[in-house]
Each structure stands twice: as structure tokens, then as C-alpha cells.
Amino acid sequence: MNLGRNDKCWCGSGLKFKRCHLNREYEEAISKSEAIKISNKIASRECCMVPDALTHECTSKIISAHTVSKSGSLGAIADNTNHVKGLRISLPTLIKNKGILRPEKIGINQASTFKGFCSYHDNSLFSCIEDRKFIGTEPQCFALAYRAVAKEMYAKQNSSTANDFLKFADKGKSKVDQLFFQKFIADNELGVSAAIKELSDFKALLDLRLIGDQSTELSHLVISSKVPPPVMVSSIVAPTVNFNGKLIQDLADLKVVPDYVCFNSFSSDGKGYVVFSWLKDAKISRNFIETFLAIDDSRKFSALVRFFFSVAENTFFSPSWWDELSKGEQSKIEDFIMADASPYHPGSQSILVDDGTDFGEWGITSIKEINFEKRQSICIDLIK
């Protein structure tokens with residue numbers, strides 16, 4: 001690569017080469033203190049994620065809202081020091097661990113929080129799940145789904161801001177590593193931009209419910225147990241493969257409008273629940289759910305473990321449950337966490353397929369379908 005000092009830099013920044021990557025391999029690497037400062041600034045961003053039509057109701061106070069309830073859920077799986085295990089997704093942690101995501105202990109006051117709602121809307125939208133016993137009503141399931149979508153939108157917007165900083169994080173690296181690093185950042189930026197657009201469109205459909213338009217219908221699957229699940233989560237994903245390992249949508253094609261599935265695992269009144277939610281007419285999402293339902297009940301919890309850890313960063317789990325797993329089982333979960341998290345750890349199409357690994361028992365007592373379309377023949381192999 002022969003560039004003149006005044007040529008446009010190869011990385012696509014728009015800057016001249018002399019102002020960008022010329023001699024970057026000799027520059028001082030980003031310090032941990034710089035990373036902490038930027039990470040804290042990004043994480044402290046405050047907003048209220050309600051639609052524009054409701055912003056006139058907002059109070060000035062933005063709160064650190066829990067996407068997984070602190071007292072009812074996280075407290076039920078915490079150790080005697082009120083800590084759960086989870087991922088700290090921050091620039092300093094990624095730098096310290098050289099890009100590897102490792103579970104660590106997190107206090108329940110900090111776990112699963114984000115500053116994405118004002119105090120008024122946090123109470124008005126989510127009191128039905130925070131202040132009342134969960135009984136699986138449609139409004140409660142909708143509230144869970146909406147909060148998961150809002151959290152993911154908030155996280156993706158923060159990722160876009162982080163990418164602007166990460167473009168300079170190849171200081172002190174070799175030219176080859178710079179090329180590889182900038183390609184990864186560019187691809188990630190493209191994916192994040194697409195995800196923000198797609199999530200915005202999906203959230204807009206849910207927003208209609210908040211402003212009185214009941215045309216958006218969701219289906220829900222409510223899985224119940226007498227005990228809290230040892231793994232708790234609140235997230236949303238556009239699944240690319242189902243539990244049979246079949247490709248069901250290709251997100252590499254940016255012309256594809258993805259189908260989404262929201263999912264929440266939590267505790268209420270001492271019992272445990274997992275709730276899946278999706279647009280009622282979303283056939284790909286329904287296909288995904290059908291392949292989960294086909295799994296034997298004794299294997300469903302292990303399937304959920306594979307799914308939660310392979311697609312959701314906002315996942316928290318019991319330290320005692322983790323300690324009871326074998327080293328091999330812990331290693332598998334760490335592999336799930338890293339799947340597609342970096343170019344060095346590509347995901348497998350068979351990642352959700354049962355390989356016989358047993359991650360413990362949860363004891364499912366009931367499975368309830370809410371607002372399901374009449375069952376019909378659904379093509380399992382949507383993409384050949």
C-alpha cells in the first residue's frame with residue numbers, strides 16, 4: 001500500500017494519511033484511563049426511550065432502571081454478598097481481557113441497569129411487572145418485551161458511539177493488525193447502523209400500543225417453574241438459526257427485514273418464568289419458537305442456556321449454579337458467549353443444537369401460549 005502523505009487514508013476516515021494512520025504503529029497505545037473515561041461517558045448517557053408523542057410527559061429525572069428486577073429476580077440468585085455473575089461490557093474490560101468476554105461478579109445494584117427512561121415512564125410503563133405479581137397477562141408480557149427492545153436500542157446507540165473511539169484503538173499495533181482491526185470496526189459499524197434502523201422500525205410498531213393504537217399484535221410463550229431460573233436475561237434477537245440448526249434468515253443481506261424475538265428470564269413471587277414475545281404475523285419468529293417447543297421438556301433448560309449465552313450480553317446467573325458446573329460445561333458457556341463476538345470467534349450454525357451437554361435442571365411446570373395464530377404447517381427449512 002503506497003500512499004502519499006496527502007492522500008486519503010486507507011481506513012475510510014476521510015482524513016489525509018498524514019493525519020490518520022501514517023506511523024500509527026509507533027504511537028502510544030490507548031491507555032486504560034482513556035478507555036475508562038470514554039466508557040463511563042458512554043454508559044452515563046441519559047434519555048427516555050418513549051415515542052415522541054409521549055415525551056411531553058417526561059420528568060427531568062432519568063433513573064438507572066433494571067431490565068431484570070433487582071429484588072425479585074437478581075436477589076433470588078445472588079450469593080450472600082448480593083453479587084451475581086455476568087458480563088461487564090466496557091472498553092476497559094475488553095482491553096484488559098484482550099477482547100475476551102469473561103463472566104465476573106457484579107453487584108445486583110449495578111447489574112442490568114441502563115439510563116433509558118425517566119422516573120415517570122419507568123413507573124407508568126413497568127409497574128405492572130415491578131409492583132405486581134407476574135401472572136402472565138398480555139399487558140405484562142408486552143411490558144417485558146418493550147423494555148427489552150428499549151434496552152437493546154440504547155445499547156446499540158452506545159455501540160455506535162464506542163465505534164467512533166475504537167477507530168483509534170489500533171495505535172501501537174502493526175500495520176497488518178491495523179488493517180484487520182479497521183476492517184472489523186467498519187463491518188461492525190455497518191452492522192450496528194443496520195441494527196439501529198431495524199430496531200427503530202420494530203420499536204415503532206410497539207410504540208403504537210403506547211399511544212393508543214392497538215393494531216400491533218404480539219404473540220407470547222410463557223414458561224413457568226416453581227423456582228427462579230438460575231440464568232436471567234432481558235434481550236431481543238433476530239434469530240438466524242433455529243434449534244434444529246437450520247438457517248432461517250440471512251442477516252448478512254442488508255435488504256432483509258428481520259423478524260425479531262424478545263425474551264426475558266426472571267423471577268416473581270418466588271417462582272420462575274421465561275417469556276418469549278414476537279409479532280403475531282412473524283413466521284420466522286414462529287418457526288424459531290416451534291423448534292424450541294419440539295424439544296423434550298427435560299432438555300429445554302439446557303436449550304435456553306445455549307440460547308441466552310450465545311445471543312445476549314444482558315445475561316446474569318447464579319454464582320452457585322456456575323460453581324456446580326464442570327470445567328467443561330463452563331468452557332462451553334464461555335464459547336457460547338464469544339460466538340460471533342469477534343472475527344476470531346465465528347459462531348456455528350449448529351450452536352443451538354443439543355449436543356447432550358446438561359446444564360442442570362430447572363423444572364418446568366407449565367407452558368402457556370398467548371395470542372398464538374392457529375397452528376398450521378410451517379416450513380421448517382425456510383432457507384436452504
Name the one of F134, F263, W362 that satisfies ring pair (Phe, Tyr, Trp, His ring centres under 6.0 Å) with Y273?
F134

By salt bridge (Lys or Arg N to Asp or Glu O under 4.0 Å), which residues pair with D131, not counting sequence neighbours?
none

Under the side chain to side chain donor-acceptor pair (under 3.5 Å) rule, collect the residues that match up with S234, sequence neighbours excluded.
N264

Measure the acute angle between the ring planes of F276 and F288, then classify it against the limits of 30° and 60° as parallel, tilted or perpendicular.
perpendicular

Return yes if a side-chain donor-acceptor contact under 3.5 Å exists between D354 and S302, otherwise no.
no

D281/R286 ion pair, N-O < 4.0 Å:
no

Ignoring hydrogens and angles, state whether a donor on the side chain of Q157 or R45 is under 3.5 Å from an acceptor on the partner side chain.
yes

Between Q182 and D170, is there a side-chain donor-acceptor contact under 3.5 Å, judged purely by atom types and distance?
yes

Name the one of D7, N6, N23 that satisfies side-chain hydrogen bond (donor to acceptor under 3.5 Å, both in side chains) with K18?
N6

Do S112 and H66 meet the criterion of a side-chain donor-acceptor pair at a distance under 3.5 Å?
no

For T365, the side chain to side chain contact (heavy atoms under 4.5 Å, CB included) test, sequence neighbours excluded, returns S224, K226

Evaluate the ring pair (Phe, Tyr, Trp, His ring centres under 6.0 Å) criterion for residues F307 and F336: first the C-alpha distance (whole Å), next the side-chain angles of each, then the deciding distance (0.1 Å), finally the verdict.
CA-CA 8 Å; F307 173 61; F336 298 154; over 10 Å; no

